[in-house]
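Encoded as structure tokens, the structure appears first; notes follow it.
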Amino acid sequence: MTTAVQYQREGDLARITLNRPHRHNALVPELLDGLRAAVAHCLRDQPAALILDAEGRSFSTGGDVGGFYDTPRAERHDYAARVVGTLNAVILDLLSLPLPTVVAVHGMVTGGSAGLVLACDIAVAGPKASFAPWYTAVGYSPDGGWTALMPERIGRARALDIQLTNRRVDAEEAHRLGLVQYLTEEGHLADRTRTVAEALRAAKPGSVRHTLALTRPDLDIVAAGLDAEYRHFLEQIVSDEADQGMATFLNKL
């Protein structure tokens with residue numbers, strides 16, 4: 001693990017916290033490597049349930065556009081391969097954990113960071129949480145499960161509409177669509193998330209394990225979808241369109 005990700009054991013619950021608040025927990029290699037290490041630690045620990053949350057004003061703003069743009073085009077393919085490849089591995093790691101996972105979502109969730117939410121079994125959102133893809137605005141190809149996981153969660157037509165129009169989905173709509181399962185009032189996110197996790201802790205572990213195995217998405221299908229996202233992303237990230245889109249996006253910040 002790294003300082004960008006914290007892991008702690010709280011009795012028979014475990015918690016993984018994204019801890020890069022000054023950069024809105026953007027998905028840079030350090031944070032993604034830390035996530036993989038934290039999930040591996042959780043697998044060894046075998047708690048009753050895992051909570052995933054984040055410090056700062058945003059849950060995560062996805063890939064660091066500045067990081068991609070500042071990487072010379074000749075090196076950008078390899079940088080993107082590391083970022084998207086590790087993100088895909090984290091998603092599959094979370095989906096493979098033999099224990100239930102609960103994610104606490106606050107603030108912005110943009111780009112590939114949606115995959116961290118989609119990979120968890122139950123999502124609890126605060127009133128200011130929001131989801132947005134940004135791919136068609138910045139000139140990227142979707143990653144993080146926007147095509148491999150999102151359509152199954154909210155429906156193909158809805159997922160396509162949000163991505164093509166780059167529409168922001170606020171907390172209430174995310175709850176209505178089933179992207180998150182619980183919506184809390186301001187200041188109650190941590191408590192509600194803990195309550196959900198404690199309810200999972202009280203369940204019979206064998207029953208929970210079988211329920212997860214029978215209900216989670218097929219890992220082979222998800223892995224194939226994520227691999228397709230990976231290949232398309234690497235093709236698009238070195239295009240003139242992506243260069244122009246990133247430049248325009250960064251000049252607006």
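One-based numbering along the sequence shown.
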Between [X] and [Y], does at least one N-O distance fall below 4.0 Å, as a salt bridge requires?
| X | Y | result |
| --- | --- | --- |
| Arg231 | Asp227 | yes |
| Asp240 | Arg73 | yes |
| Arg76 | Asp70 | no |
| Glu10 | Arg194 | yes |
| Glu173 | Arg167 | yes |

Specify the closest pair of heavy atoms between [X] and [Y], including all atoms of both residues, with the distance to one decimal.
| X | Y | answer |
| --- | --- | --- |
| Leu99 | Pro47 | CD2-O, 3.6 Å |
| Ile91 | Gly145 | CD1-N, 4.5 Å |
| His232 | Ser141 | CB-OG, 3.4 Å |
| Thr3 | Asn19 | O-ND2, 3.1 Å |
| Pro100 | Leu212 | N-CD1, 3.6 Å |
| Gly111 | Asp143 | C-OD1, 4.4 Å |

### Query
Tyr69 and Asp243: side-chain donor and acceptor closer than 3.5 Å?
no
### Exercise: do Ser58 and His24 side chains pair donor with acceptor under 3.5 Å
yes
Looking at [atom1] of [X] and [atom2] of [Y], how far apart are the two atoms once the value is rounded to the nearest 0.5 Å?
| X | Y | atom1 | atom2 | answer |
| --- | --- | --- | --- | --- |
| Leu160 | Trp146 | CG | CH2 | 11.5 Å |
| Thr165 | Ile162 | OG1 | CD1 | 7.5 Å |
| Leu189 | Thr184 | CG | OG1 | 5.0 Å |
| Asp53 | Thr17 | CG | OG1 | 3.5 Å |
| Ile154 | Arg176 | CD1 | CZ | 11.5 Å |
| Thr86 | Glu30 | OG1 | CD | 13.0 Å |

Under 3.5 Å, side chain of [X] to main-chain N/O of [Y], donor-acceptor pair present?
| X | Y | result |
| --- | --- | --- |
| Glu55 | Pro21 | no |
| Gln163 | Ala159 | yes |
| Arg15 | Ile51 | no |
| Gln8 | Ala14 | no |
| Asp93 | Ala40 | no |
| Gln46 | Leu43 | yes |
| Glu185 | Pro127 | no |
| Gln236 | Gly139 | yes |
| Ser60 | Asn25 | yes |
| Ser113 | Thr110 | yes |

Side-chain heavy atoms of [X] within contact of [Y], under 4.5 Å:
| X | Y | result |
| --- | --- | --- |
| Asp45 | His41 | yes |
| Val138 | Thr248 | no |
| Leu13 | Glu198 | yes |
| Thr193 | Val103 | no |
| Val65 | Leu250 | yes |
| Val124 | Val105 | no |
| Leu97 | Thr101 | yes |
| Gln6 | Ile16 | no |

State whether the number of non-hydrogen atoms from other residues, nucleotides or ligands found under 6.0 Å of [X] atom [atom1] is greater than 12.
| X | atom1 | result |
| --- | --- | --- |
| Arg23 | CZ | no |
| Gln181 | CD | yes |
| Arg9 | CZ | yes |

When you group the ILVMFWY residues by side-chain heavy-atom contacts below 4.5 Å and let the links chain together, are [Y] and [X] in the same group?
| X | Y | result |
| --- | --- | --- |
| Val169 | Val117 | yes |
| Leu18 | Met108 | no |
| Tyr230 | Leu219 | yes |
| Ile221 | Leu226 | no |
| Tyr140 | Leu118 | yes |

### Task
Could you give me the CA-CA distance, side-chain angles and deciding distance for Asp161 and Arg156, then say whether salt bridge (Lys or Arg N to Asp or Glu O under 4.0 Å) is met?
CA-CA 9 Å; Asp161 167 57; Arg156 186 167 303 277; over 6 Å; no
### Task
Examine Phe131 together with Phe59 and report whether their ring centres are nearer than 6.0 Å.
no
### Task
Could you check Ser130 against Asp170 for side chain to side chain donor-acceptor pair (under 3.5 Å), going step by step and ending with a plain yes or no?
CA-CA 4 Å; Ser130 66; Asp170 64 20; over 6 Å; no
### Plane angle bin for Phe233 and Phe68 - parallel if under 30°, tilted between 30 and 60°, otherwise perpendicular
tilted
### Message
Working note: Leu27 + Thr61, criterion side-chain contact (heavy atoms from CB on, under 4.5 Å); need CA distance, chi angles, decisive distance, verdict.
### Response
CA-CA 7 Å; Leu27 302 180; Thr61 53; over 6 Å; no
### Query
Would His106 and Glu186 satisfy side-chain contact (heavy atoms from CB on, under 4.5 Å), going step by step from the backbone distance to the final call?
CA-CA 10 Å; His106 73 281; Glu186 187 68 31; over 6 Å; no
### Message
Between Tyr7 and Val39, is the side-chain contact (heavy atoms from CB on, under 4.5 Å) condition met? List the steps.
### Response
CA-CA 9 Å; Tyr7 177 88; Val39 176; over 6 Å; no
### Task
Determine, step by step, whether Thr136 and Asn166 satisfy the side chain to side chain donor-acceptor pair (under 3.5 Å) criterion, reporting the C-alpha distance in whole Å, the side-chain angles of both residues, the deciding distance to 0.1 Å, and the verdict.
CA-CA 7 Å; Thr136 58; Asn166 191 39; 4.9 Å; no
### Task
Could you walk me through whether Leu200 and Asp121 pass side-chain contact (heavy atoms from CB on, under 4.5 Å), step by step?
CA-CA 11 Å; Leu200 297 172; Asp121 300 309; over 6 Å; no
